[in-house]
Amino acid sequence: MSAPSGDVAERAAAGFTDQYGGQATGRWAAPGRVNLIGEHTDYNDGFVLPFALPMRTVVAADRQDDERWTVWSELSDETISFGADDVAEPGRVTGWGAYVAGVVWALREAGHVVPGARLAIASDVPLGSGLSSSAALESAVLAALLDLGGLDLAPERQPRLAQRAENVYVGAPTGIMDQSAVIRCRAGYALFLDCRDESVEQIPFDLDAAGLAVLVIDSRAPHRHADGEYAARRRSCEAGAKALGVAALRDVTVDQLDSALARLDDEETRRRVRHVVTEDQRVLDTVALLRAGRVRDIGPLLTASHVSMRDDFEITVPEIDTAVEAALSAGALGARMTGGGFGGCVLALVETDRVEAVAAAVTAAYAERGFTAPTTVPVLPAPGATRLH
């Protein structure tokens with residue numbers, strides 16, 4: 001999870017000065033997120049339980065008079081510029097700039113007068129790791145433009161707009177979870193999100209008090225949301241719901257699962273449906289345990305989630321499975337892949353005094369298999385998107 005050295009907010013401010021001269025009006029930050037449990041349930045109208053990470057994307061920005069947006073990115077050390085014509089319809093701005101242009105487009109589509117702006121972006125959210133670097137970028141840009149333009153968009157409506165930017169302008173079929181977590185999470189809590197009505201509940205997740213940590217393991221296996229496999233899983237879920245005569249798989253309960261599976265002709269669809277229905281129940285069970293203060297008891301649910309993703313949803317890869325197996329063998333209370341799959345990160349619930357031992361065990365297992373060495377970091381739940389000053 002390497003990133004340029006120095007505080008990310010200071011890097012964004014310095015980048016702004018270097019590129020444009022003078023000082024930015026302000027700096028706006030949005031975090032990455034990790035999903036504690038509830039994978040591929042969001043676009044099935046189900047339940048998810050993410051929390052925000054301490055790693056952030058920061059946008060330093062100020063207004064410019066014309067309808068143009070100029071953006072510098074620390075990652076590529078590249079500056080792009082686009083105008084109103086370029087955001088008139090999806091596809092005209094491509095690459096990383098599409099995530100910025102998509103936010104401008106979505107705001108304008110929603111009827112807002114978006115101010116022209118100069119922006120400088122710095123980030124320590126790892127790219128391609130399943131930690132929602134794209135949602136962090138969109139949400140930091142959105143926060144900046146809302147403030148710069150004095151635009152009125154209630155916090156509960158912001159995730160849907162940011163999601164629309166990614167779905168329609170960028171073309172990545174993500175659900176509502178990433179943007180909701182990045183914008184609405186609070187420090188010390190996990191966000192229990194009902195993806196059907198977008199209601200949220202802040203669930204206490206006090207790892208310190210329980211003597212625990214969440215170890216995030218970057219598998220170094222690249223993660224790409226917009227690839228065909230993610231879209232294929234979504235299509236399969238939609239086909240299953242249609243065959244069962246329900247609006248979404250969220251409407252099938254665990255008690256109804258056996259009879260529902262018996263009505264499906266295709267074995268692959270049965271596996272996909274089984275994952276989503278059981279995963280929704282695992283989220284509900286995890287929330288119940290956390291409400292009761294039983295943090296360490298959620299471990300087996302995390303591990304069961306991983307087994308379901310591996311066997312029924314078939315979205316893990318050897319690096320991911322190796323990290324989970326090694327973490328559990330070294331004493332983790334539970335471990336699972338987090339994110340859309342086919343790479344990305346693993347999270348492990350670990351006793352605080354076992355963090356280094358579990359990290360070392362995963363690294364050793366990677367070396368034995370000849371994989372690129374993973375990176376690991378213990379994390380605590382952090383705040384969502386905010387203006388820094």
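Hydrogens, waters and symmetry mates play no part in the numbers below; they use all other heavy atoms, side chains included.
One finds a salt bridge joining Arg196 and Asp45 here, because a Lys/Arg side-chain nitrogen approaches an Asp/Glu carboxylate oxygen to under 4.0 Å. Comment: Glu314 engages Arg272 in a salt bridge, judged by a side-chain N to carboxylate O separation of less than 4.0 angstrom. Comment: Arg250 engages Asp194 in a salt bridge, judged by a side-chain N to carboxylate O separation of less than 4.0 angstrom. Glu238 has no carboxylate O lying under 4.0 Å from a charged side-chain N of Arg235, or vice versa, which leaves the two without a salt bridge. For Glu67 and Arg108, the salt-bridge test passes: some basic side-chain N is under 4.0 Å from an acidic carboxylate O. With salt bridges taken as basic N to acidic carboxylate O contacts below 4.0 Å, one links Glu201 and Arg291.
Atoms CG and CZ, from Leu349 and Arg354 in turn, are 13.5 Å apart once rounded to the nearest 0.5 Å. Ser259 contributes atom OG, which lies 9.0 Å from atom CG of Leu244 (distance to the nearest 0.5 angstrom). Between Thr303 atom OG1 and Arg282 atom CZ the span is 10.5 Å, to the nearest 0.5 Å. The line from CG of Asp285 to CD1 of Ile37 is 8.5 Å long, rounded to the nearest 0.5 Å. To the nearest 0.5 Å, the span separating OG1 on Thr352 from CG on Leu215 amounts to 11.0 Å. For the atom pair Trp105 CH2 and Arg92 CZ, the distance stands at 12.5 Å (nearest 0.5 Å).
A ring-ring contact (aromatic ring centres under 6.0 Å, His included) check over residues 354-377, counting only residues at least two apart or in different chains, returns the pairs Tyr366-Phe371. Residue pairs meeting the ring-ring contact (aromatic ring centres under 6.0 Å, His included) criterion with at least one member in residues 123-155, sequence neighbours excluded, do not occur.
Under a cut-off of 6.0 angstrom, the local environment of CD in Glu78 is crowded, with over 12 non-hydrogen atoms contributed by other residues, nucleotides or ligands. In the displayed structure, Glu356 atom CD is contacted under 6.0 Å by at most 12 heavy atoms of other residues, nucleotides or ligands. Within a 6.0 Å radius of CZ in Arg157, no more than 12 heavy atoms belonging to other residues, nucleotides or ligands are found. Atom CD of Glu267 has more than 12 heavy atoms from other residues, nucleotides or ligands within 6.0 Å. For CG of Asp66, the number of neighbouring non-hydrogen atoms (other residues, nucleotides, ligands) closer than 6.0 Å is greater than 12.
Across all their heavy atoms, Ala162 and Glu138 have their closest contact at O-OE1, 3.7 Å. The minimum heavy-atom distance linking Ala248 with Asn44 is given by the pair CB-O, 3.4 Å. Smallest separation of non-hydrogen atoms from Thr286 and Leu49: CG2-CD2, 3.7 Å. What you find for Ser180 and Pro159 is that their closest heavy atoms are OG-CB, 3.5 Å. When every heavy atom of Ala326 is checked against every heavy atom of Ala361, the shortest pair comes out as CB-O, 3.9 Å. Between Val125 and Ala136 the shortest heavy-atom distance is CG2-CB, 4.4 Å.
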Side chain to side chain donor-acceptor pair (under 3.5 Å) evaluation trace for Ser123 with Glu74: CA-CA 8 Å; Ser123 183; Glu74 166 190 80; over 6 Å; no
Verdict with supporting geometry, Ser132 and Arg33, side chain to side chain donor-acceptor pair (under 3.5 Å): CA-CA 6 Å; Ser132 292; Arg33 68 96 187 98; 3.2 Å; yes
Verdict with reasoning, Ser199 to Asp197, per side chain to side chain donor-acceptor pair (under 3.5 Å): CA-CA 5 Å; Ser199 61; Asp197 63 15; 2.6 Å; yes
Arg274/Thr278 under side chain to side chain donor-acceptor pair (under 3.5 Å): CA gap, chis, key distance, verdict: CA-CA 6 Å; Arg274 183 166 55 224; Thr278 58; over 6 Å; no
Worked verdict on Leu301 versus Leu289 for side-chain contact (heavy atoms from CB on, under 4.5 Å): CA-CA 10 Å; Leu301 292 167; Leu289 288 170; 3.7 Å; yes
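Under a 3.5 Å cut-off, the side chain of Thr386 and the backbone N or O of Leu388 do not form any donor-acceptor pair. Side-chain atoms of His306 come within 3.5 Å of backbone atoms of Met337 as a donor-acceptor pair (strictly under, hydrogens ignored). Side-chain N or O atoms of Thr41 include none that pairs as donor or acceptor with a backbone N or O of Val276 at under 3.5 Å. The closest donor-acceptor contact from the side chain of Arg296 to the backbone of Ala210 lies under 3.5 Å. Asn167 contributes a side-chain N or O that, together with a main-chain N or O of Ala172, makes up a donor-acceptor pair within less than 3.5 Å.
Gln179 pairs in a side chain to side chain donor-acceptor pair (under 3.5 Å) with only one of the listed residues (Arg164, Glu166, Arg160), which is Glu166. For the side chain to side chain contact (heavy atoms under 4.5 Å, CB included) with Val71, the qualifying choice from Val93, Ile80, Val141 is Ile80, the only one to do so.
Val59 and Val8 sit in two unconnected hydrophobic clusters of ILVMFWY residues. Membership requires side-chain heavy atoms under 4.5 Å apart, directly or through other members. No chain of hydrophobic side-chain contacts below 4.5 Å, direct or via other Ile, Leu, Val, Met, Phe, Trp or Tyr residues, connects Met177 to Phe313. Note on Leu191 and Phe205: separate hydrophobic clusters, where clusters join Ile, Leu, Val, Met, Phe, Trp and Tyr whose side-chain heavy atoms are under 4.5 Å apart, directly or indirectly. Tracing side-chain contacts under 4.5 Å through hydrophobic residues (I, L, V, M, F, W, Y), one never reaches Val182 starting from Leu161; they form parts of separate clusters. Note on Val377: it clusters hydrophobically with Leu53, by side-chain heavy-atom contacts below 4.5 Å among ILVMFWY residues.
Side chains of Thr376 and Val216 form no contact here, defined as non-hydrogen atoms less than 4.5 Å apart. Contact of the Leu284 side chain with the Asp280 side chain is not registered, since no non-hydrogen atoms from C-beta on lie closer than 4.5 Å. The shortest distance between side-chain heavy atoms of His40 and Tyr230 falls below 4.5 Å. Considering only heavy atoms from C-beta on, Glu229 stays 4.5 Å or farther from Ile315 through its side chain.
Judged by distance alone, the side chains of Thr338 and Asn35 never bring a donor and an acceptor atom under 3.5 Å apart. Between the side chains of Trp72 and Asp18, no donor-acceptor pair of N or O atoms lies under 3.5 Å. Remark: the Thr316 side chain and the Arg310 side chain contain no N/O donor-acceptor pair separated by less than 3.5 Å. Checking Ser236 against Glu268 by side-chain atom types alone, no donor-acceptor pair falls below 3.5 Å.
Every residue meeting the ring pair (Phe, Tyr, Trp, His ring centres under 6.0 Å) condition with Phe16, not counting sequence neighbours, appears here in chain and number order: Tyr20.
A parallel orientation is assigned to the rings of Phe82 and Trp69, their planes being inclined by less than 30° (bins at 30° and 60°).
In this structure, the ring of Tyr189 has its center no less than 6.0 angstrom from the ring center of Phe51.
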